[in-house]
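Read through the structure below, which is laid out as structure tokens, and then see the notes.
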Number of protein chains: 2
Amino acid sequence: MIPKNVTIQDVARVAGVSTATVSRTLSQPDVVNESTRKRVSEAVSVTGYRLNRAARNLRTQRAHSVLVLLPDLANPFFSEILKGISRVLSQSGYSMLIASTKQVHDSGERLFDYLDDARADGMIILDGGLDADVIAMLESARQTSRILFACEWVEGADFPTVRCENRQGAREAVNHLHSLGHRKIAHVTGPAGNVLMHARKDAFVAQMASLDLPLKPEWLITGDFSIAAGCAAAQTWIAMEDRPTAVFCASDQLALAFIAELSRHAFTVPDDVSVMGFDDIDFAEQFIPSLTSIRQDRLRIGETAAQMLMDRINAPTDTTEETTTVVPVSLVVRDSTAPPKH
Amino acid sequence: MIPKNVTIQDVARVAGVSTATVSRTLSQPDVVNESTRKRVSEAVSVTGYRLNRAARNLRTQRAHSVLVLLPDLANPFFSEILKGISRVLSQSGYSMLIASTKQVHDSGERLFDYLDDARADGMIILDGGLDADVIAMLESARQTSRILFACEWVEGADFPTVRCENRQGAREAVNHLHSLGHRKIAHVTGPAGNVLMHARKDAFVAQMASLDLPLKPEWLITGDFSIAAGCAAAQTWIAMEDRPTAVFCASDQLALAFIAELSRHAFTVPDDVSVMGFDDIDFAEQFIPSLTSIRQDRLRIGETAAQMLMDRINAPTDTTEETTTVVPVSLVVRDSTAPPKH
DNA sequence: CATTTTCTTGAAATCGATTACATAAATTGT
DNA sequence: ACAATTTATGTAATCGATTTCAAGAAAATG
């Protein structure tokens, strides 16, 4: 009942040629004579032949797939990026493997096993918070050029990176609030140690200074990108003597939680305080009030990262040059920011 | 500079045994003598040997990976499910490949190529809206037992399925609203033809009847699971002569968009109308007002699906029995529902 | 002590493609 | 017309594991 797998041998027999010719017809049609090409193509469709990828992968020493490593599979922030990555990969005939940092760790695998394994030809890492020893291992791995970071990165490590203009985003945020008339602006940061948190915070501080705006230390509220942190930050704001009239949150998730918590305490946005986020996640638009944010083109980040990786994988030699691609951000003004009321 | 790959041959040489013994030591340690086992283990760690998966996959005719097919990569609804799937797969040493229906279609691949290809040993499909011809092909594929559906399914097709208790969820929604005192309840449905839409709508209608509640035809508002449909439904509600006091939406995304649109027209939830959703996505809790919903345990759906697939893949014979596993739902009461005001 | 059974191990075939090399045929140049 | 190319194809090695079969050693049996 179960028909045996059709192999290249079967096709060769049917077409009356050798397997080498079949293989050539399929991968480099131009080197075979037109008449045989036609005969082979016919044999292929008659037999219903499908290339066995495991065999090809073994012979060519290529996995024809790429690993995407996420900090957390359940975080919707990444889905659009995956879409971009997947699109580019599938154009090149590559498959997308997905794993989360935590899972890899828990299962006792080591990250570069994926490369050593012949399971993946490269990896796109979306988690800048990898342990130092993991990074060290990756750097000493044989195929360093096939590892790249997207969105986040690791300070001091020489991996190619695709990221958005974090600093520019923070500057635009400050400028936007400033232009609305705000002078007292707070910043809820990302998690301590996170590279994005530093980039955004530093730029925030710098821009405040360059606009001659005051900045009390307590207006820098340390959070992380979680919902809980947004709620906590809201309580911090509520407890302040001299409340800032605007708050720039390091992520949309923070901002939305911040607003939600405020509303549970009968404060209204933007009447009592203007709030803005960073990322422009899908939900920002649907929230009430809709959220002013700094938009990251996540699709493009994903596509760019995948394309860079493809280029490196297909490059004849190990190109050692490190490359950083920066994707622009844009301000999206919605209802959560307004001029301050006096 | 680039050290050659360590193969099983190298290990065998170092340990002074044959490759067969090395292979046995690694995959069935109990059949080799303890002393040789020790010697081999040592050789493995000395050489830093890593199994080449491509080679194993070819020889064993297993890809050791599973394809997960999503309707849309960018939809956050699925992320938690992926987490569940990935967890179970990685425990079994399997990798998770991800693709979207649209992408597979656009790239000209056929779905079962993934199986024929030796790229995947099975697939979990999260999209019940596949074209009829795709379904027909899948049914006629050689390895039908290695295909299963999760969340959605295809009416009439005999694939094993994991789904949540859609009907029970709809009943609980009606009961909840009824117990708050609502008598006029509308339902915003999912997209026409969708199996979830039908299950939920039918159960809604039935439960309304069994509670002797009136149900005008216009109270069944056809939507889809999109944000736009939620907005449109809100406008439909606003335009009604005799407005229902409660609205049960077939998804959270619908419900949130519904509420957002109402608020743009100066209606308040739950004061003017109670609204509830289905799914309990992460955001339901953060919305203002927080959303009453029917919770699907997405993690568990993912885990169950993956486990079922693993069992089938590892089953000695092609078990043809169709199985449907139903995962319970639960009512989560939040702020978007309240007794009607008269 | 001969015979059977059980443990261990190795030699070699195998999975299904790709590709280096060889060879035969066709084309070109002089 | 003969040598030199070019073009098209086939032979066979190869990728790196797993597994069947056979065989020698050790243990158990009568």
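- In the interface, the side chain of B:R24 is paired with the base of C:dG10 through a donor and an acceptor atom under 3.5 Å apart.
- Set against D:dT19, D:dT11, D:dC15, the side chain of A:L58 has D:dC15 as its closest nucleotide.
- Residues B:T60 and B:T19 each lie close to DNA chain C; by heavy-atom proximity, the contact nearer the 5' end of the strand is made by B:T19.
- With 3.5 Å as the limit, one finds no donor-acceptor pair spanning the side chains of B:D10 and B:T47.
- Comparing atom distances between the B:V17 side chain and each of D:dA17, C:dA17, C:dG10 picks out C:dG10 as nearest.
- Between the side chain of B:R59 and the base of C:dT14 there is at least one donor-acceptor pair of N/O atoms closer than 3.5 Å.
- When the side-chain nitrogen and oxygen atoms of A:Q61 are compared with OP1 and OP2 of D:dG16, one or more of them lie within a distance under 4.0 Å.
- At D:dG16, none of the side-chain N or O atoms of B:T7 fall inside 4.0 Å of OP1 or OP2 (strictly under the cut-off).
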Evaluate side-chain hydrogen bond (donor to acceptor under 3.5 Å, both in side chains) for B:S100 paired with B:D72, printing each intermediate quantity in order. CA-CA 6 Å; B:S100 77; B:D72 176 13; over 6 Å; no

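- With D:dT18, C:dA17, D:dG10 as the candidates, the nucleotide lying closest to the side chain of A:L51 is C:dA17.
- Partner of A:E303 under the side-chain hydrogen bond (donor to acceptor under 3.5 Å, both in side chains) criterion, chosen from A:R87, A:Q91, A:R298: A:R87.
- Between B:I85 and the options B:V68, B:L299, B:L309, a side-chain contact (heavy atoms from CB on, under 4.5 Å) holds for only B:V68.
- Relative to the side chain of A:T21, the nucleotides D:dG10, D:dT18, D:dG16 differ in distance, and D:dG10 lies closest.
- Between A:T36 and D:dA8, a side-chain N or O to OP1/OP2 separation shorter than 4.0 Å is absent.
- Within the structure, a side-chain polar atom (N or O) of B:Y49 is placed less than 4.0 Å from OP1 or OP2 of D:dA17.
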